[in-house]
Every structure is written in C-alpha cells, then in structure tokens.
Amino acid sequence: MKTILSVLILFCMFSLDCLADDPVLEIGSRRELFVDRFLIDELDHAELKLHPPQLMPAVTPPRPHGHYATVLKSDRGYQFYYRGDTQPGNHWKKGWEQYHDGEVTLYAESPDAIHWTLPHLGIYPDHPTFPQGNVVLMNEFLVNHNFTPFIDTRPGVPESEKYKALGGLAYQPNQHLEVKQRRGPGGLKAFVSPDGIHWKPLQQEPVIPEEWGKYFDSQNYAFWSESEGAYVCYFRRFIKGYRGIARTTSQDFIHWTPLVEMQANLPNEHLYTACTQPYFRAPHIYFALPTRFMAKRGSATDILFMSARANFPSLIGNLLNRISDLVSARTAGPTGPIMLRLVFTRPVPQKCLFSLQAVDVM
C-alpha cells in the first residue's frame, strides 16, 4: 500500500511539473473576444473570420457634419462634437493663423443617434455663421482644430471634471515662428467639463508637448484605462516618414510618460484618426478604427479595424491563420500586447487585409 501511495505522489508531482511548463491563462470571469490569438493555442480545421460591415440607410433628416467628429453616449443621450469655421470655405492657404483662428467646436444632441438637434447653448454671442447658437468652444487657437472629448470613468473623478478633452497642433519646423512666439507653443492642451458643454482649460500650458506630435492633426483620443489604472492617449505622430500612432499614459492627465511608437503601419502606409478606446464590455481590450491612406493609390482610403490588449507585457503572438485574401502576416515579438488589424477595401469588398503585430507599451 505504501508503495502504491508513493508512486501516486510521484506521479502527481510529475504531472504538476508538466503543467507548470504549459501555464493556463487565467481570465477569471471577464469577457473575452476572439479578435486576436491570445486564447488560441492552435486551430484545426477552423479559422477566425471577420463579419463584413453592413452599410446602413442614410439618416433622415441628414445629421450635422464636420471635421474630426466625436460622438459620446452619456446620461444626456448622444453628444456630438464636430469642427466648424466662422468663414465657410476658408482654407489654411489663405492664411495659416486666420484659418485656425476661425475654427470652432460645434455641438449637437440626440436621444437615438438618428434624430439630431442643435441646442442654443448661449455660451458665446450669436454668430451669423451659426444661427442655432450651438458653439460649444470658441477662441481657443489650434485647440478647436481637433478638439476630442471623452467621459472620464476614473473612480473618484470630481464632478467638475467628468468630461475631459485634448486638442491642439504642433508647429512644423521653421514655419510660423512669429505666430508661435506671439501665441505660445503648440502641443495638446487639456480641458475639463462637468456636462460636456461648459469647458475650461485644465491648465494654460500644453500637457503633451508639441515635439511629440508631428503634428497632431488628427483625433488624439484619450481615456481612463481600468486595466492599466491610468489615462492612456493614442496620438498622431510621423514614424519613419509616415503618419503613425504613438502612445503615452498619465496618472493625473497633466504629467505624461515618455511616448512609445506603435509599430502598426504596413509599408508605405499612412494611418489617420485611430481614436483608440477600450471596448465597453471588455475594457482590457482596446479597439481602433484608423483611416488608411497610401499615396500611390491616389485619394482612396480604407477604414481599418485594430485591437490591442492592456497589461500583457510577456505575450507572444502565434502565426496567423488565413482570413479571405491574406495580404500580410507577422508574428508578435517577445514583449508587448498584440495589435490585430483588419481592413476592407472599397474596390474589392471581399478582400481583407489581416496582420498581427506586437509593441512594447509597458
């Protein structure tokens, strides 16, 4: 009997040692989405497949529209922010400073994201270009070019700072030096609001310096990451001569960690308006829908789907399985969360570009 018991103990110890060499991922009760290979060891006669996006009917009546639009779901319903100009049809070629001086941030509301109203806010004197009076931010040089708000979900955030936003541009080298000297440096400035309507600067100086941007002319979206316990901002930056995405984090929305460039671009590819944010039912997974531009194809653009994970610094990616027409595939490096990318091109809707990448964001 003792011999049998000893053998059983040794067998259990050997089994535990084997299991230790092949650790099981602990996911608890959290929701997981199959947008990457994180939970997949291997696939046998199976594949990951993206459901094609569906074109919905046009909204009637037409919704408001403008550059760098942001829609937030809040207790008020849907809140819509977009750029307008005091001089319709104005262009920076007519004068760089006057062009940015004329930019404003406009506001609309909706109970269902279909029927929109332009409330008369009364924040600024009525302007003939905006008779509805729906100007939510004005006279903030460079900030209104890409004012991008979000709802701060950090526990304990003051009610007066329930909404936060970033906005601003960077001056290009050796250009508009007199304007910069007179009006101060570029960069991303921070704003706060209790209701998403009445905004004030968090501080007068930029919180993210213009040297990081090159040149921030995109939607530089920030959010509170429950998984990382920090504010996270994915912003526009030139990387190796192409428009790309960089990332930084902060504990107080004022002081930010050194930037980390995301290795998200394919060769000869520019990426705009990533607007990376956590998926609301699985906040440890971040989604992004950047616009892809490739100069050799002319003015055509594609909308990409990308994802990344927070707090997995030792994740190792696996080889990708084929999804429709596989254009490019890469494996993740030894550190950093996965970035997954899918894109549908308009000329050939059946074709899908699918690749996997990893970046060290810790």
Let's go through Tyr234 and Gln277 carefully: what are the C-alpha distance in whole Å and the side-chain angles of both, what is the deciding distance for side-chain contact (heavy atoms from CB on, under 4.5 Å) to 0.1 Å, and is it a yes or a no? CA-CA 9 Å; Tyr234 287 83; Gln277 55 192 290; over 6 Å; no

What verdict does the salt bridge (charged side-chain N to carboxylate O under 4.0 Å, His left out) test give for Arg297 and Asp302, after you've listed the backbone C-alpha separation in whole Å, the side-chain angles of each residue and the deciding distance to 0.1 Å? CA-CA 11 Å; Arg297 298 192 317 174; Asp302 308 309; 2.8 Å; yes

In sequence, state the C-alpha distance, the side-chain angles, and the governing distance for Arg247 and Glu228, and then conclude on salt bridge (charged side-chain N to carboxylate O under 4.0 Å, His left out). CA-CA 13 Å; Arg247 176 194 136 110; Glu228 298 186 55; 2.6 Å; yes

Please lay out, stage by stage, how Tyr231 and Asp252 fare under the test side chain to side chain donor-acceptor pair (under 3.5 Å). CA-CA 8 Å; Tyr231 293 102; Asp252 57 9; over 6 Å; no

Start with the C-alpha gap between Leu304 and Glu269, add the side-chain angles, then the distance that decides, and say whether side-chain contact (heavy atoms from CB on, under 4.5 Å) holds. CA-CA 12 Å; Leu304 282 69; Glu269 178 183 66; 4.2 Å; yes

Evaluate Ser74 against Gln79 for side chain to side chain donor-acceptor pair (under 3.5 Å), listing each step before the verdict. CA-CA 7 Å; Ser74 71; Gln79 297 177 278; 2.8 Å; yes

Please walk me through it: do Thr249 and Thr257 pass side chain to side chain donor-acceptor pair (under 3.5 Å)? CA-CA 5 Å; Thr249 65; Thr257 57; 3.1 Å; yes

Would His270 and Met294 satisfy side-chain contact (heavy atoms from CB on, under 4.5 Å), going step by step from the backbone distance to the final call? CA-CA 6 Å; His270 295 269; Met294 303 182 77; over 6 Å; no

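Counting heavy atoms of neighbouring residues, nucleotides and ligands inside a 6.0 Å radius, atom CG of Leu55 does not exceed 12 of them. When the shell of 6.0 Å around NE2 of His91 is examined, it contains more than 12 heavy atoms from other residues, nucleotides or ligands. The neighbour count for Gln175 CD, taken as heavy atoms of other residues, nucleotides or ligands under 6.0 Å away, is above 12. With a 6.0 Å radius and a threshold of 12 heavy atoms from other residues, nucleotides or ligands, Gln181 has its CD atom at or below the threshold. Other residues, nucleotides and ligands contribute more than 12 heavy atoms inside 6.0 Å of the NE2 atom of His120. At most 12 non-hydrogen atoms from other residues, nucleotides or ligands lie less than 6.0 angstrom from NE2 of His67.
Side-chain contact of Tyr242 with Asn268: a donor-acceptor pair under 3.5 Å is present, judged by distance alone. Judged by distance alone, the side chains of Glu109 and Thr117 never bring a donor and an acceptor atom under 3.5 Å apart. A donor-acceptor contact under 3.5 angstrom links the side chains of Asp112 and Ser110, judged on distance only. In the model, Arg237 has no side-chain atom that pairs as donor or acceptor with a side-chain atom of Tyr215 under 3.5 Å.
Thr248 places no side-chain N or O within 3.5 Å of a backbone atom of Pro258 that could act as its donor or acceptor partner. Judged purely by atom type and a 3.5 angstrom limit, Tyr68 uses its side chain to pair as donor or acceptor with the backbone of Asp217. Formation of a donor-acceptor pair under 3.5 Å by the Lys214 side chain with backbone atoms of Glu211 is not found in this model. With hydrogens and angles disregarded, a donor-acceptor distance shorter than 3.5 Å links the side chain of Gln203 to the backbone of Glu205. Between the side chain of Gln98 and the backbone N or O of Gly95, at least one donor-acceptor pair lies under 3.5 Å.
Side-chain contact between Ile197 and Leu121 is present, with at least one heavy-atom pair separated by less than 4.5 Å. A 4.5 Å side-chain heavy-atom check between Asn146 and Ser218 finds every atom pair outside the cut-off. Counting heavy atoms from C-beta outward, Ile151 and Trp224 have side chains that stay 4.5 Å or more apart. Within the 4.5 Å cutoff, side-chain heavy atoms of His145 are placed close to those of His100. Tyr82 is not listed as a side-chain neighbour of Thr105, based on a closest heavy-atom distance of 4.5 Å or more. The closest side-chain heavy-atom distance from Arg83 to Asn144 is not below 4.5 Å. Counting only heavy atoms from C-beta outward, the side chains of Thr129 and Pro88 approach each other to under 4.5 Å. Contact annotation: the side chain of Leu188 never approaches that of Leu169 to less than 4.5 Å [non-hydrogen atoms, C-beta and beyond].
Both Leu118 and Val71 belong to a single network of hydrophobic side chains, linked directly or stepwise wherever heavy atoms of I, L, V, M, F, W or Y lie under 4.5 Å apart. When the side chains of ILVMFWY residues are joined at heavy-atom separations under 4.5 Å, either directly or via intervening members, Ile254 and Phe150 end up in a single hydrophobic cluster. By the criterion of side-chain heavy atoms lying less than 4.5 angstrom apart, applied directly or through intervening Ile, Leu, Val, Met, Phe, Trp or Tyr residues, Val192 is grouped together with Met138 in one hydrophobic cluster. Tracing side-chain contacts under 4.5 Å through hydrophobic residues (I, L, V, M, F, W, Y), one never reaches Leu271 starting from Ile239; they form parts of separate clusters.
In this pair, Phe141 and Trp96 present their aromatic rings perpendicular. The plane angle is above 60°, beyond the 30 to 60° band.
Between Arg183 and Glu97, at least one side-chain nitrogen of the basic residue sits less than 4.0 Å from a carboxylate oxygen of the acidic one, meeting the salt-bridge criterion. Salt-bridge formation is detected for the pair Glu32/Arg30: a Lys NZ or Arg NE/NH1/NH2 atom is positioned less than 4.0 Å from an Asp or Glu carboxylate oxygen. Using a cutoff of 4.0 Å between basic side-chain nitrogens and carboxylate oxygens, Lys162 and Asp75 are scored as salt-bridged.
With Phe223 as the partner, the ring-ring contact (aromatic ring centres under 6.0 Å, His included) test is satisfied by one option alone out of Phe287, Tyr279, Tyr286, Phe253: Tyr286. A ring-ring contact (aromatic ring centres under 6.0 Å, His included) with Trp199 is found for exactly one of Tyr107, Tyr124, Phe147, Phe191, namely Phe147.
Its side chain within the 4.5 Å cluster rule, Phe293 clusters with Tyr272 among the Ile, Leu, Val, Met, Phe, Trp and Tyr residues.
Side-chain rings of Phe216 and Phe235 approach one another, their centers coming within less than 6.0 Å.
Here the closest non-hydrogen pair linking Pro290 and Met306 is CG-SD, 4.0 Å.
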